[in-house]
Amino acid sequence: MPELPEVETSRRGIAPSVAEQRVARVVVRERRLRWPVPDEIERKLTGQRVTAIERRAKYLLFKTPAGTALLHLGMSGSLRIIDPDEPPAKHDHVDIVFSNGKALRFRDPRRFGCLLWADGDAMAHPLLCKLGPEPLGVTFDGDYLWERARGRSVAIKQFIMNAAIVVGVGNIYASEALFEAGIHPGRQAQRVSKIRMRQLAAAIRAVLERALAAGGTTLRDFRGGDGEPGYFRQQLNVYDRQDEPCRVCAKPVSASVQGQRSTYYCTHCQR
DNA sequence: ACATTGACCTGGGAGC
DNA sequence: TGCTCCCAGGTCAATG
């Protein structure tokens, strides 16, 4: 479900209720997520004060003096602030109850998400230490992309969805950014010129920022931490618009499958 | 080192 | 109404 704008929207939605709160207790109803929720998570988190809620790639980091809880929403995960006595529904796997009387509830029907614990420096964690730059950060630009693409025959869409190259770009925003940059998603990464890589980096940044401003994209069930859907769907140019007219040239939007994922593009506007 | 594929799960919608 | 099939916003591990 969530790409970078949706994860960041969730972070901003829950942060006011979580920041500076002490963890009163942790309730884990289902440990079988993408990786098992570690047995130590209750012991490590309980009694700790959450000093910051940060985001790295699509991971949310709950920082405490004792270490960091890492949470990933996978494909179907969502977070809500609730009253702790609200009865849990199916797939409500974890509650983190705070001393202010509120709780953070993690729901994830498909169980592709995870909740892990990192002692010490969370950035040294195996899941975080090999990640590429943040697309909204200062080190990410077209020259970087072009350099990394040298000698790589993989399609540009799969290239920008590779978290070792750049994080946070999922299936929706990869299609949207390539449309905005006028690049065909099947083009080999090494065959994109430096000029067009600069356009692509700018497009990735612009699309993510616009989606963030709209509170993310709700296709079926995404909700931000405040329970509101995201409104970026209305601004999508190609994703999920097969056979609908291109908003620029009016030719029908094409769809194909790349690396087992649906891809949408305009054959006239993208080369 | 790189590219490709399978695997992990449940739920919702389309089609019959 | 109910069944089957296909698809879904992620990403890691295994294989060549």
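Chain letters run A, B, ... following the sequence lines, proteins first, then strands; residues in each count from 1.
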Q) Quick one: A/Arg34 CZ to C/dT11 C1', roughly how many Å, whole number? A) 5 Å
**Q.** d(CZ, A/Phe222; C1', C/dA8) in whole Å
**A.** 16 Å
**Q.** 5' priority, DNA chain B, between A/Gly259 and A/His91 [closest heavy atom]
**A.** A/Gly259
**Q.** Carboxylate-amine/guanidinium contact A/Lys102 A/Asp83, below 4.0 Å
**A.** yes
Q: Take the protein atom CZ of A/Arg111 and the nucleotide atom C1' of C/dA8, then report the distance between them rounded to whole Å.
A: 17 Å
Q.
What's A/Phe232 touching, base or sugar-phosphate or nothing? Going by heavy atoms closer than 4.0 Å.
A. nothing
Q: May I ask you to say whether A/Arg210 pairs ionically with A/Glu176, meaning some side-chain N is under 4.0 Å from a carboxylate O?
A: no
**Q.** Atom-pair distance (CG on A/Leu70; C1' on C/dG10), nearest Å
**A.** 16 Å
Q: Please tell me which of the listed nucleotides, C/dG10, C/dC7, C/dC12, lies nearest to the side chain of A/Leu127?
A: C/dC12
Q. Hey, does the side chain of A/Arg271 reach the backbone of A/Thr267 with a donor-acceptor pair shorter than 3.5 angstrom?
A. yes
Q) Whole-Å distance between B/dC8 P and A/Arg32 CZ? A) 13 Å
Q. The side chain of A/His72 lies closest to which of these nucleotides: C/dT11, C/dG9, C/dA8?
A. C/dT11
Q: Using a 4.0 Å heavy-atom cut-off across all strands, classify A/Lys90 as base, sugar-phosphate, or nothing.
A: sugar-phosphate
Q: Under the side-chain hydrogen bond (donor to acceptor under 3.5 Å, both in side chains) rule, what do A/Ser153 and A/Gln188 come out as? Steps first, then yes or no, please.
A: CA-CA 5 Å; A/Ser153 61; A/Gln188 288 189 5; 5.2 Å; no
Q) Ring of A/Phe112 versus six-membered ring of C/dT11: centres under 5.5 Å and planes under 30°? A) no
Q: Give one of base, sugar-phosphate or nothing for A/Tyr239, where a contact means two heavy atoms less than 4.0 Å apart.
A: sugar-phosphate
Q. A/Lys130 has an atom NZ; how far is it from atom P of C/dT11, in whole Å?
A. 16 Å
Q. Is A/Arg31 paired with A/Glu40 through a side-chain N to carboxylate O contact shorter than 4.0 Å?
A. no
Q. When the distance from CZ of A/Arg261 to P of B/dA7 is rounded to whole Å, what number comes out?
A. 17 Å
Q.
Using modelled atom types and a 3.5 Å cut-off, is there a donor and acceptor pairing between side-chain atoms of A/Gln21 and backbone atoms of A/Val50?
A. no
Q. Of A/Gln260 and A/Ser153, whose closest DNA chain B nucleotide lies nearer the 5' terminus?
A. A/Ser153
Q: Examine distances only and state if a side-chain atom of A/His93 and a backbone atom of A/Asp108 form a donor-acceptor pair shorter than 3.5 Å.
A: yes
Q | Interatomic distance where CH2 belongs to A/Trp35 and C1' belongs to B/dC9 [whole Å] | A | 14 Å
Q | Pair assignment for DNA chain B - dot-bracket with | for other-strand partners, Watson-Crick or G-U under 3.5 Å | A | .|||||||.|||||||
Q | Donor-acceptor pair present, A/Arg110 side chain and B/dC9 base, under 3.5 Å | A | yes
